[in-house]
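Here's the structure we're looking at; comments come further down.
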Amino acid sequence: MELRSFIFRRLIQVVVIFFIIQTALFLLFRLAPGDPVERMVDPTMTPEDADRLVAVLGLDQPLWTQYAIYLRNFFQGEFGTSFYYGQPVVEIIWEKLPNTILLFTTSIILSALVGIALGKIAAWHKGSRTDTWLTIGSLVTHTVFLPWLALLLIWVFAYKLGWFPITGMISEDVWLDPGAGLWAKALDIGHHLVLPLSTLFLIHFGSSLLVMRSSMLDTLKEDYILTARAKGLTDKEVRNRHAARNAALPVVTGVGLGLAFSINGGALTETVFTWPGIGRELVFAVSHADYPLAQAAFLLIALVVLVANVIVDVLYAYLDPRIRY
Amino acid sequence: MDNGERFDTSRMKRSHWAAHFLEGWSVFIQNPLGKAGVGLLILFGLMAAASVIPPWIDPMYRPMTGVDPEIVRSVGPSLKHWLGTDFMGRDLFSQLLAGARIAFMVGVSAAFMTVVLGTAIGMTAGYMGRTVDTLLMRLADIIMVMPTLLFVLMLAALFGQLNIWTIVLIIGLFRWPGVSRVIRSQTLSLKQRPFIEAARVAGASHLRIIFRHIMPNVLPLSFLYMTFRVTSAITIEAALAFLGFGDPGTVSWGMMLQWVWKTGHMFKAPYWLLPPGICISLITLSFYMLGRAMDEVLDPRLRKEEDA
């Protein structure tokens with residue numbers, strides 16, 4: 001019951017924040033130097049088509065009316081037409097959204113889980129050689145420059161060793177082959193996913209590991225750990241059931257706070273690997289002055305971050321009942 | 001109260017601060033992370049300082065405009081070009097040195113702005129409370145969920161090429177919420193202390209309380225956050241340059257990586273691909289290590305943990 005009202009409150013907040021971001025973006029697009037019509041209407045369109053689009057987007061109306069039309073269009077999924085692709089923006093981004101979510105969620109979940117598991121070990125064997133190497137390793141991978149790491153991985157594992165494809169998400173020969181089953185296709189995507197996923201994983205697991213390590217060290221000093229030991233529980237039980245469960249909470253918070261940062265990294269990874277996601281689409285749209293596409297891609301990315309934030313918060317509230325009150 | 005009876009608080013405070021600083025420094029420098037961080041940063045500082053030398057020896061070593069007339073393509077390291085040349089025959093070593101200067105410039109100035117903003121907003125929110133607090137913190141929430149890099153990209157699309165100071169300014173404007181949250185909670189706990197109450201009873205104004213009594217106590221924390229913000233500012237600028245939206249008039253390490261990537265040399269020219277990436281990664285690592293070592297100085301709990 002409590003959890004439900006907590007979720008409800010967070011959802012309201014998210015809607016408000018999204019609304020504000022949307023408004024800010026609207027104002028930026030309308031008030032930036034240059035003609036907003038030029039920004040939203042493809043210069044290669046016929047005058048009739050252009051006029052029709054101006055009417056749909058309300059660009060000939062005063063600012064307030066434009067804003068109302070903008071909001072209405074948003075709920076109807078009308079974002080205009082991409083200059084580059086010449087097809088409705090909404091179709092392009094819907095197509096790209098699952099690819100981004102696949103890469104984003106698997107990398108975040110994987111790096112948090114591995115970070116928690118390794119951080120637990122590092123804290124438990126504090127001062128040992130394992131601890132030192134894990135700490136150094138996570139410091140280095142956490143601060144390495146992401147696009148460069150991606151290029152190195154491509155160079156070594158795709159170009160030199162040839163273990164993985166250099167770019168893209170699917171191989172045409174598999175997908176055009178009518179005999180290929182669902183399993184073969186999934187395997188093909190998985191094969192393409194390895195390197196981008198490794199890039200994001202390497203960048204992210206370090207911070208989870210470091211947070212887990214220090215929070216685990218704090219937890220181990222608590223009285224209830226002493227009690228657990230005094231009861232005669234084995235080391236493994238004390239470590240995994242009593243200490244690690246509580247110590248993992250700050251990791252969840254850290255992941256939540258780092259989501260916006262993670263999506264930056266996701267966009268860079270998608271761009272270097274030409275992974276067909278929204279982040280890459282945004283970078284592409286910006287370099288080709290494809291404003292309608294850029295605007296919609298940015299809004300969708302903001303939405304992904306916000307929704308992920310709520311999921312992390314709910315997870316946290318579920319794990320730690322204290323914060324719901 | 002008679003003025004003559006007053007303690008000379010200013011002198012006391014100064015010696016107190018000096019003692020604190022020395023103690024902190026000794027803890028800091030004993031920490032292996034702190035040592036490594038300072039060592040690396042001195043190295044990068046030397047690189048930045050040395051960046052003026054090559055162009056002075058020969059104009060062909062100018063990082064942006066100097067071209068070796070005998071070489072108009074990328075070749076590997078030689079005596080004349082220690083790290084080789086890029087696709088136009090420009091010297092990579094002098095570009096690398098110039099990149100160190102840009103990294104310091106961007107990192108430190110953006111971080112400084114972030115921290116000044118974050119500290120001011122955090123103190124105001126924590127001290128004023130109520131509506132001001134709510135408004136400022138909701139604003140912080142909104143900015144916090146914005147992916148800074150992607151937002152700067154959008155601005156680049158709308159406003160055209162951004163110059164390096166505009167990039168610094170935007171990073172500064174977008175990275176304060178984390179700092180202000182920490183400073184706010186510190187201010188909230190300071191507000192409850194008797195010496196603030198005493199100052200208020202003695203008739204000190206809000207501004208005086210904030211700047212004379214609260215600020216000295218939150219500054220060490222702000223300083224700590226500054227080192228972490230340097231890291232993120234350098235990374236954002238490098239990523240922006242890498243994607244092709246950097247300041248076209250500067251040679252940063254991100255720019256060098258963009259050139260090697262876009263001209264398709266990344267598999268052919270390791271002498272070009274490796275150095276800038278190593279430099280960006282190492283400079284962010286050293287600021288990060290510096291921050292963690294300072295964390296230990298400021299939080300004695302962490303110190304004890306290492307002794308145990």
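First the proteins, then the strands, lettered A, B, ... as listed; each starts at 1. Just so we're clear, the structure is a prediction, and the values are computed from it rather than from any experiment.
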key: Heavy-atom proximity to chain B below 4.5 Å, by part of N309(A)   = side chain
remark   = Honestly, the part of R175(B) sitting under 4.5 Å from a heavy atom of chain A is neither
inquiry  = Could you check whether F228(B) and F287(B) have their ring centres less than 6.0 Å apart?
reply    = no
message = Can you tell me which of P270(B), G178(B), P32(B) forms the most heavy-atom pairs within a distance under 4.5 Å of chain A?
response = P270(B)
ask   = Hey, is the main chain of G277(A) close enough, under 3.5 Å, to the side chain of T100(A) for a donor-acceptor pair?
value = no
query = Which residues in residues 16-23 of chain A have any heavy atom lying under 4.5 Å from a heavy atom of chain B?
reply = I17(A), I20(A), I21(A)
Side-chain donor/acceptor of S281(B) to backbone N/O of F145(A), under 3.5 Å = yes
inquiry  = Between W148(A) (side chain only) and L273(B) (backbone N and O only), is there a donor and an acceptor less than 3.5 Å apart?
reply    = yes
inquiry  = As an exercise: rank I263(A), L151(A), V305(A), L259(A) by heavy-atom pairs under 4.5 Å with chain B and give me the winner.
reply    = L151(A)
ask   = Who wins among V144(A), I154(A), V272(A), L306(A) for the most heavy-atom pairs under 4.5 Å with chain B?
value = V144(A)
task = Ignoring hydrogens and angles, state whether a donor on the side chain of S128(A) or D131(A) is under 3.5 Å from an acceptor on the partner side chain.
result = no
Mutual orientation of the aromatic rings belonging to F267(B) and Y159(A) [parallel < 30°, tilted 30-60°, perpendicular > 60°] = parallel
query = Just by distance, with hydrogens left out, do D218(A) and S214(A) show a side-chain donor and acceptor under 3.5 Å apart?
reply = no
key: Side chain, backbone, both or neither of L257(A) within contact of chain B (heavy atoms, under 4.5 Å)   = side chain
ask   = Side chain, backbone, both or neither: which part of L282(B) has a heavy atom under 4.5 Å from chain A?
value = neither
message = Under a 3.5 Å distance rule, please check whether T250(B) uses its side chain to pair with a backbone N or O of S252(B) as donor and acceptor.
response = no
query = Given the options M146(B), R138(B), M144(B), which has more heavy-atom pairs under 4.5 Å with chain A than any of the others?
reply = M146(B)
ask   = Does OH in Y84(A) sit with more than 12 non-hydrogen atoms of other residues, nucleotides or ligands closer than 6.0 Å?
value = no
message = Given 3.5 Å as the limit, does a donor-acceptor pair link the side chain of T284(B) with the main chain of T143(A), or not?
response = yes
request  = Against chain B, label L152(A) side chain, backbone, both or neither, depending on which of its atoms sit under 4.5 Å from a heavy atom there.
outcome  = side chain
inquiry  = Quick check on F261(A) against chain B: is it the side chain, the backbone, both or neither that has a heavy atom closer than 4.5 Å?
reply    = neither
inquiry  = Report which part of F242(B) has an atom under 4.5 Å of a heavy atom belonging to chain A: side chain, backbone, both, or neither.
reply    = side chain
query = Side chain, backbone, both or neither: which part of I136(A) has a heavy atom under 4.5 Å from chain B?
reply = neither
Chain A contact via W253(B) - side chain, backbone, both or neither, heavy atoms under 4.5 Å = neither
ask   = For the candidates I283(B), I280(B), I234(B), which exhibits the highest count of non-hydrogen atom pairs separated by less than 4.5 Å from chain A?
value = I280(B)
key: Largest heavy-atom contact set with chain B, pairs under 4.5 Å, which of S287(A), A289(A), A302(A)   = S287(A)
message = Treating W176(B) as the side-chain partner and L173(B) as the backbone partner, does any N or O pair qualify as donor plus acceptor under 3.5 Å?
response = yes
key: Heavy-atom proximity to chain A below 4.5 Å, by part of L243(B)   = side chain
task = Check whether L155(B) gets within reach of chain A through its side chain, its backbone, both or neither, counting any heavy atom under 4.5 Å.
result = side chain
